[in-house]
Number of protein chains: 2
Amino acid sequence: MLTDRQLLILQVIVDDFIRSAQPVGSRSLSKKEEISFSSATIRNEMADLEELGYIEKTHTSSGRVPSEKGYRYYVDHLLSPQVLNKQDISIIQSIFAEKIFEFEKIIQKSAKILSELTNYTSIVLGPAASFNKLKRIQIIPLNKESAVAIFVTDSGHVENRTFYLPPSVDASDLEKTVNILNERLTGVALEDLNDKIYKEVATLLRQHIRNYDLMLHTIADSLKMPVNEKLFFGGKTNMLSQPEFHDISKIRTLLQMIDHEEWIYPLIKNDSAGIHVKIGRENNNSAMENCSLITATYSVGAESLGTIAILGPTRMEYSRVISLLQFLSNDLTSVLTNLYQK
Amino acid sequence: MLTDRQLLILQVIVDDFIRSAQPVGSRSLSKKEEISFSSATIRNEMADLEELGYIEKTHTSSGRVPSEKGYRYYVDHLLSPQVLNKQDISIIQSIFAEKIFEFEKIIQKSAKILSELTNYTSIVLGPAASFNKLKRIQIIPLNKESAVAIFVTDSGHVENRTFYLPPSVDASDLEKTVNILNERLTGVALEDLNDKIYKEVATLLRQHIRNYDLMLHTIADSLKMPVNEKLFFGGKTNMLSQPEFHDISKIRTLLQMIDHEEWIYPLIKNDSAGIHVKIGRENNNSAMENCSLITATYSVGAESLGTIAILGPTRMEYSRVISLLQFLSNDLTSVLTNLYQK
DNA sequence: GTTAGCACTCATTGAAGTCGAGTGCTAATT
DNA sequence: AATTAGCACTCGACTTCAATGAGTGCTAAC
């Protein structure tokens, strides 16, 4: 539908605007070496591109700026993947330099480095604990009235919940319960615990414990808590340096959104694996109007665990960011797979 | 040193500037009902106040603005404590409405509500875990090479550490070790654990475990927790609405500071109990030049546990904020004391 | 000691003018 | 028929200038 020349012009406009943040005019385009025709020709082509919705003017006599549709086309068809330089690669690999056991540390460091490498804001969704299999349950009474339940998964993740002890329960009941739970629930994925408790554990509890149902509900309640994956951020304030956010009110809406984790989940919780680019209003979020979000998933083996994302202005260096995310998510996946699958 | 009239004028200037954020002129002052003398008189007095360093001009013919010294004097001598209205009180008390076990939840909610009530940024330093006494240690092997150690305190706080198992250690060693640790360390404050391990546990371990010293160091290493108290924030973006921060670069330095937790600790980690007000450069931090920080401590019984703080512009409503912090820290202390000392 | 009066300062506002980078359109050129 | 040169036009950005008004300090009168 678009001629080669139009594609070329669109690409150069987007590239130039990403670099300079200034509307691109026909004259400055005609001076580029890729472009061999006159500014008048370019003006004609630009008028067509504008009519088709790929570029826009900021006012009647201004240069052109890519529209969201323009960015979308650029990302889908015109992007030349950037080859990472050695420095970038070695910086990313420094994430894995130390011996680490804990996912969290790696994840946190990834977020930090990603934001430093891009000057945008990075968001990393920590590994979903729900796939982890239960290794051990422990219940430790704190005093007459309350106890803390501890759940350890095979990956070394620890969850804990404080709860009130049902008044009728004594120490031996508690011990029996813990034994039953461990016997029946070890190896079960966290997300299946609740099911399993009611189906298998219930009958056993009934046989051994007085007031078994009170105990049952107390335990099940403790488990019902949302095992929400943790979010990690890097470079929250980087957006302040972007010229499109020199306006306080835009900054405010954006930072307010970043500080509300519950608003972030729907943005980055992506169903399918791989790299996704969402441009401006594609994010369905008014605070993201001038922003793009690029997400990638990381996994252990075939199982996708979490998401790493970069939030930047729509005028973002798509090519570079995609390459970085690609590279990091691959590395993360292979390191985690190694760590986790032995 | 200052005459009564000068004090009155200083007070009215500070009050007015806090309200309006505009330099205060002699004419507008003379119209206030508290003030019964002419603008010319006021001008003379203001000239003196300026010479003494309590107020400043923004330019030769502008009204006056309080200097840091002026705020300091105001806070120390002129402050009329604001009586909280019923609504404020009931909002604060709503923090404790639900039954809660976990300090963290209360603390988090406190930060949120404090920022909503003041429109400034709130910072709450969570309860120092180091005072807590150990209730139970548990070590759970994950696989051949690693295990996770879990420390539960009498307050229900749970810490966990993953570590490599020394190769020579087998299951029965581990069990013995855990027994020894529990026997010897239960009731010991977290901060004293390390000491105690080397002094008392070491000899016992030697008697019962082969390669006891490897085990010893592994455990001790795990314990070397930087049990850094957690920081909670509320209203991080509130400062964006303050007129003195309509300038992007000021906003940036401030937000960057807020996002570096390690820079916050020295600001709010206060030795002595009670309310403290630090104005502008008294904070010894260039990012805080136009900010004041008011801190209060909360405690369990007589033991001071943590800090709640409000970060606002120097032009902050000192009176209101101090009252709010006073009230909340009292409430926090009594609730926590109740919860914790039974 | 207090105040009225006056000359002076300076940030803010808005109007008027210039500049220049951009456009669209038309007519000439290839 | 496609390309380009040329030209009138638009509009944001910047500069200049004058007017306004809220403030000051100082002096002289009360």
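Lettering of chains follows the sequences in order, A, B, ..., and the numbering in each one begins at 1.
For B:Y120, there are no ring-ring contact (aromatic ring centres under 6.0 Å, His included) partners two or more places apart in sequence or in a different chain. Every residue two or more places apart in sequence or in another chain was checked for a salt bridge (Lys or Arg N to Asp or Glu O under 4.0 Å) with B:E261, and none qualifies. Residues passing the ring-ring contact (aromatic ring centres under 6.0 Å, His included) test with B:Y73, sequence neighbours excluded: B:Y54, B:H77. Taking A:K236 as the reference, A:F233, A:I258, A:D259, B:K236, B:D259 meet the side chain to side chain contact (heavy atoms under 4.5 Å, CB included) condition, with sequence neighbours excluded. Residues passing the salt bridge (Lys or Arg N to Asp or Glu O under 4.0 Å) test with B:E56: none are found, sequence neighbours excluded. Contacts of B:R72 classified as salt bridge (Lys or Arg N to Asp or Glu O under 4.0 Å), with partners at least two apart in sequence or in another chain: B:D76, B:E282. For B:H246, the ring-ring contact (aromatic ring centres under 6.0 Å, His included) criterion is met by no residue, not counting sequence neighbours.
The rotation axes computed at either terminus of the helix from C:dG1-D:dC30 to C:dT30-D:dA1 lie 20° apart, taking five pairs at each end and rounding to 10 degrees.
In this model, the phosphate group of D:dA22 is not approached by any side-chain N or O of B:R64 to a distance below 4.0 Å at OP1 or OP2. Proximity of B:R5 to the phosphate of C:dT2: a side-chain N or O atom is located under 4.0 Å from OP1 or OP2.
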Atom pairs, protein N/O to nucleotides 8-12 of chain C N/O, distance under 3.5 Å:
residue, atom, partner, partner atom, Å
C:dT9, O3', B:T60, OG1, 3.0
C:dT9, O2, B:S61, OG, 2.4
C:dC10, OP1, B:T60, OG1, 2.8
C:dC10, O5', B:T60, OG1, 3.3
C:dC10, O4', B:S61, OG, 3.2

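Within residues 21-57 of chain A, the residues approached by DNA chain D to less than 4.0 Å at the level of any non-hydrogen atom are A:F37, A:S38, A:A40, A:T41, A:R43, A:N44, in residue-number order.
Applying the side chain to side chain donor-acceptor pair (under 3.5 Å) test to every pair with at least one member in residues 7-20 of chain B, sequence neighbours left out, gives these pairs: B:D15-B:Y74, B:D16-B:R19, B:D16-B:K32. Pairs engaging residues 60-70 of chain A under the salt bridge (charged side-chain N to carboxylate O under 4.0 Å, His left out) rule: A:E50-A:R64, A:E68-A:R281 [sequence neighbours left out].
A:T307 contributes no side-chain N or O that, together with a main-chain N or O of A:T297, makes up a donor-acceptor pair within less than 3.5 Å.
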